Amino acid sequence: MIGAAVSRTLGSRGLPWVAGLWLVVLALSPLYGDNYIVKIATFVALYGVLALSWNFIGGYAGYPSFATGAFVGLGAYAGAICQNAGVPMIVAWLLAAIIVAGVAAAMGPVILRLRGHYFAIGSISLVEIGSVLASNWSGLTGGGEGLNVRFLPGGPDFIARFFLYAMLVILVAALATTIAVDRGRLGFGLRCIAQNEDAAEMVGVPSTRYKIAAFVLSGVFCGAAGAAYASWVGYIAPADAFSILLTVKVPVMVLLGGAGSVLGPLIGSAALVLLEETVWARFLDYHQAILGAIIVALIFFLPGGLLGLRLRWRS
Amino acid sequence: MSALYAQVLLNGLMLGALYACIAVGFSLVWGVLNVISMMHGSFVILAGYLTCAAFTGAGIHPFAALVPVALLLLLLGYFLQLGLINRVVSQPVLTTLTLTFGLDMILYNLMNVWFEATPRRVTLDLGRLEFGEVVLPLDRAAAMVLALAMTGLLYVILRGSRLGRAIVAVRMDRDAAALMGIRVPRVYAATFGLGAMMAGACGALLALVYPITTNVTGQLLGKAFIVCVIGGLGTVPGALAGGLVLGLVESFGGHWFGPQVAPLLGFALMLVLLAVKPTGLFGQRGYE
Amino acid sequence: MKPLLEVEKLSKHFGGVHAVRDVSFTIGSGEIVGLIGPNGAGKTTLVNLLTGVHRPSGGVVRFEGVDVTAQRPHEAARRGLARTFQIVQPFPRMTVLENVAAGALFAGQAGSRAEAERLAAGYLAAVGLDRESQRLAATLTLPSRKRLELAKSLAMRPKLLLLDEVNAGLNTSEIDGALALIRRIAASGITVVLIEHLMKVVLSLSQRVLVLHHGQLLASGAPEAVMRDPQVVEAYLGARFAARFAGGDAKSEASHG
Ligand SMILES: Nc1ncnc2c1ncn2[C@@H]1O[C@H](COP(=O)(O)OP(=O)(O)O)[C@@H](O)[C@H]1O
Ligand SMILES: [Mg+2]
């Protein structure tokens with residue numbers, strides 16, 4: 001695990017510095033790059049948020065969640081609908097985050113009773129349900145046509161920077177939450193749950209409550225990021241917003257970097273976004289196949305990454 | 001019962017037979033290998049494309065194409081498992097699931113490049129039977145009968161053949177099976193191959209009744225999930241029952257609440273079942 | 001003596017298997033009670049019922065006068081009802097110290113992780129594991145794992161400690177070490193229920209013995225009285241252990257006592 005290796009060499013004192021440095025590199029991208037670079041930096045921040053979010057439930061609690069796409073899609077639609085109803089943009093993002101957190105809290109008790117493959121399927125089906133709902137609830141979502149979101153007025157430079165810093169703010173929030181969880185009671189309890197859920201209960205960890213907390217945390221920032229994304233691109237459609245691809249890509253990023261750590265998700269998301277961006281540009285037709293090949297290669301040739309995963313996944 | 005309901009019932013049964021056939025291979029792989037094959041939907045569509053290509057390119061009748069296409073997928077599945085998936089088969093859920101997802105991305109992409117995304121299907125005008133107002137198109141009826149026959153064939157293979165008994169033994173107790181001299185990696189490969197073969201057979205049949213396009217691979221996979229959850233994991237009768245239940249639910253649901261709602265009902269049923277009874281409606285364990 | 005734990009007509013069946021049937025007893029504060037019974041008698045199931053792992057099919061459990069029949073395991077832990085697992089259950093990829101700290105943090109008195117680790121070090125010293133505190137729990141030997149299990153439950157500051165076969169799998173000298181440790185635990189004021197299928201261990205330590213057989217409470221009382229109870233001799237010893245008890249176990253019993 002790259003993340004674990006880095007944290008070992010740096011010691012836990014070094015962690016905030018590395019993360020902080022990384023944030024500065026992203027934040028300064030308008031100084032050293034054009035709008036394309038700024039866009040990539042924004043994507044890196046966006047995926048950083050998603051990866052850190054997944055890490056709460058998938059990394060710390062050890063539950064193989066594929067709900068990311070559902071959280072993002074719900075956040076995107078909630079934000080877009082609020083915004084189109086006249087709610088100011090940033091308030092709409094906050095509302096989206098709250099709505100997603102509420103849905104995660106409501107769904108959590110149902111699907112967190114499942115373990116292993118069943119949990120994986122339960123969580124992935126949330127994405128599918130979201131997509132079906134978005135396609136069919138035309139009055140609210142525009143159905144299969146999708147939904148236009150009012151564009152932010154301003155020139156391209158301003159817009160590029162605005163959304164970069166918006167994503168970075170969400171990223172900082174997710175990162176700060178991760179550090180707090182990692183050092184606190186919740187993170188410790190979640191690690192206990194990941195390693196042996198029965199024993200965790202037996203030493204007094206309220207496992208159901210902690211798992212729901214982790215699930216809600218893994219939803220809330222996705223909700224905000226999804227809403228910000230919708231405002232950024234100005235148009236959302238069911239299959240893009242509730243994306244199965246995204247829902248699998250995010251865990252892959254975390255595993256690439258190292259699950260259950262603070263830095264792992266940041267490293268993994270940056271690595272995969274940059275990799276994708278370089279691949280995307282060259283081989284448009286084979287983009288997906290190459291990404292797939294990268295995933296396969298990761299599993300077989302990066303035993304420190306996927307295969308060396310030191311987590312327990314119940315089956 | 002009015003003719004209308006008879007028609008809805010009949011449609012549900014035809015749909016259900018296809019769902020059962022799609023899900024039974026997926027369920028076999030999941031039950032025996034403890035691996036979720038994210039490639040299953042793409043296998044079905046690949047077979048559908050091959051059937052269409054054989055029909056339009058060489059005029060081969062889909063019923064004749066079914067066997068070679070299914071065998072081709074059997075080989076594909078066998079070697080994928082032997083060469084790749086076997087190496088991580090005992091890894092955590094997330095690893096195997098991610099691997100098959102990566103493989104699926106490759107297959108999906110290649111299919112889009114080779115066949116282009118335009119939907120295509122085989123149109124055989126076989127005519128139709130009419131019972132009063134109830135209409136039974138014969139191509140659909142043939143697809144249903146063959147789907148049930150293929151599902152039955154898998155049952156017979158698992159029950160009656162040496163390979164089938166080895167598969168059941170490995171599922172029950174892998175270590176004991178290995179001690180008895182069963183070569184577990186080969187059995188895994190054969191299991192995955194059989195799963196792909198069933199997907200292949202379904203794909204050939206699907207080409208008769210629905211347009212084949214890569215857009216639906218995810219939906220097909222979703223149906224397989226749902227059927228497994230309804231019927232319980234890892235039994236042929238379970239997959240059959242689950243498939244028929246799902247077909248009927250979608251057919252009647254679509255009739256009562258509109259066709260858009262139908263796919264949602266399956267997922268809702270699945271979530272409720274997962275919450276209440278994760279072993280499935282008819283749940284018992286053991287692949288036989 | 002005010003009862004700490006009251007069990008009334010407790011039952012549990014799994015499908016057709018009646019693992020525990022109509023069991024009633026009380027345990028007083030400060031007692032050391034032995035719970036014996038051959039394999040499959042329902043001892044572990046009883047522990048699971050008392051700690052909220054299983055929901056009883058019938059009956060009531062009261063702890064300090066409060067009805068706790070429907071509690072969840074973590075609630076039992078926080079109430080001061082700790083147990084060890086017959087099959088030890090450490091957090092394998094945490095250090096020994098962290099394992100014990102988990103008990104101190106989530107059920108014990110620690111207010112922070114730092115404090116939990118400080119307290120944990122003390123409990124590790126008490127069970128003689130202080131030298132291993134930085135090892136990963138998965139790498140410990142079986143006797144050490146049992147000690148870890150004990151340290152973890154002590155860190156929870158229990159009022160009642162249910163020890164499910166802590167001596168199983170240990171050799172004679174290891175058992176003597178464990179018994180000395182349990183004696184010290186009891187002397188510190190913790191009520192102990194010692195669950196064993198080996199009589200020797202229980203008889204030498206317990207003030208009172210409960211005998212479980214086929215899920216039912218067969219006898220209870222002072223160790224000597226229970227041993228002479230004809231029902232116990234017939235059902236328990238007669239059926240399964242007569243030969244062994246008359247031979248090896250009885251001798252070691254004598255030498256031990
Ligand atoms: N979770 C369970 N499901 C079904 N049967 C069980 C379960 N736990 C225990 N049993 C059955 O209950 C009986 C008592 O078992 P147990 O409490 O483990 O006995 P002991 O600890 O005294 O050896 C046994 O017949 C066992 O098979
Ligand atoms: Mg026991």
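Note on naming: letters A, B, ... go to the chains in the order of the sequence lines (proteins, then strands), and numbering restarts at 1 for each one. Bear in mind the structure is a predicted one, so any value in this text is a computation, not a measurement.
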Enquirer: Could you tell me which portion of A/Ala120 (side chain, backbone, both or neither) has an atom closer than 4.5 angstrom to a non-hydrogen atom of chain B?
Expert: side chain
Enquirer: Pick one of side chain, backbone, both or neither for B/Leu84, based on which atoms fall under 4.5 Å of a heavy atom in chain A.
Expert: both
Enquirer: Please check if the number of heavy atoms outside A/Tyr286 that lie under 6.0 Å from its OH is greater than 12.
Expert: no
Enquirer: Taking the side chain as every heavy atom from C-beta outward, state whether A/Leu126 and B/Phe267 have any atom pair closer than 4.5 Å.
Expert: no
Enquirer: Is there a donor-acceptor pair closer than 3.5 Å between any side-chain N or O of B/Asn109 and the backbone N or O of A/Ile290?
Expert: no
Enquirer: For A/Asp285 versus B/Val113, what's the shortest heavy-atom pair and its separation?
Expert: O-CG2, 4.0 Å
Enquirer: Tell me the closest heavy-atom pair linking B/Leu94 and A/Pro64, and the distance in Å.
Expert: CD1-CB, 4.0 Å
Enquirer: A/Phe66 versus chain B, heavy atoms under 4.5 Å apart: side chain, backbone, both or neither?
Expert: side chain
Enquirer: What donor-acceptor contacts under 3.5 angstrom involve side-chain atoms of residues 237-245 of chain A, with partners at least two apart or in another chain?
Expert:
{"from": "A/Ser243", "atom 1": "OG", "to": "A/Leu245", "atom 2": "N", "distance (Å)": "3.2"}
{"from": "A/Ser243", "atom 1": "OG", "to": "A/Leu246", "atom 2": "N", "distance (Å)": "2.9"}

Enquirer: How far does NZ of A/Lys249 sit from OG1 of B/Thr98, to the nearest 0.5 angstrom?
Expert: 14.0 Å
Enquirer: Quick one: which of A/Ile111, A/Val248, A/Leu291 has the most heavy-atom pairs under 4.5 Å with chain B, could you say?
Expert: A/Val248
Enquirer: So for atom CZ, which belongs to A/Phe283, do other residues, nucleotides or ligands contribute more than 12 heavy atoms lying within a distance under 6.0 Å?
Expert: no
Enquirer: Near A/Glu277 CD, under 6.0 Å, is it more than 12 heavy atoms from other residues, nucleotides or ligands?
Expert: yes
Enquirer: Give, for atom CG of B/Leu103 and atom CD1 of A/Ile299, the distance between the pair rounded to the nearest 0.5 Å.
Expert: 8.0 Å
Enquirer: Quick check: do B/Leu99 and A/Phe300 have side-chain heavy atoms less than 4.5 Å from each other?
Expert: yes
Enquirer: Between A/Tyr118 and B/Trp30, is the ring centre distance below 6.0 Å?
Expert: yes
Enquirer: Show your reasoning for whether side chain to side chain contact (heavy atoms under 4.5 Å, CB included) applies to A/Ile124 and B/Phe225.
Expert: CA-CA 10 Å; A/Ile124 220 169; B/Phe225 279 155; 3.8 Å; yes
Enquirer: Test A/Ile121 against B/Met270 for side chain to side chain contact (heavy atoms under 4.5 Å, CB included), laying out the working first.
Expert: CA-CA 10 Å; A/Ile121 287 184; B/Met270 174 171 93; 3.8 Å; yes
Enquirer: Roughly how far, to the nearest 0.5 Å, is the CG atom of B/Leu97 from the NE2 atom of A/His117?
Expert: 6.0 Å
Enquirer: Please tell me if the side chains of A/Asn136 and B/Leu264 come closer than 4.5 Å, counting only heavy atoms from C-beta onward.
Expert: no
Enquirer: Heavy-atom distance under 4.5 Å to chain A: side chain of B/Ile36, backbone, both or neither?
Expert: both
Enquirer: Using a cut-off of under 4.5 Å on heavy-atom pairs, state which of A/Gly292, A/Pro251, A/Ser125, A/Pro109 scores highest against chain B.
Expert: A/Gly292
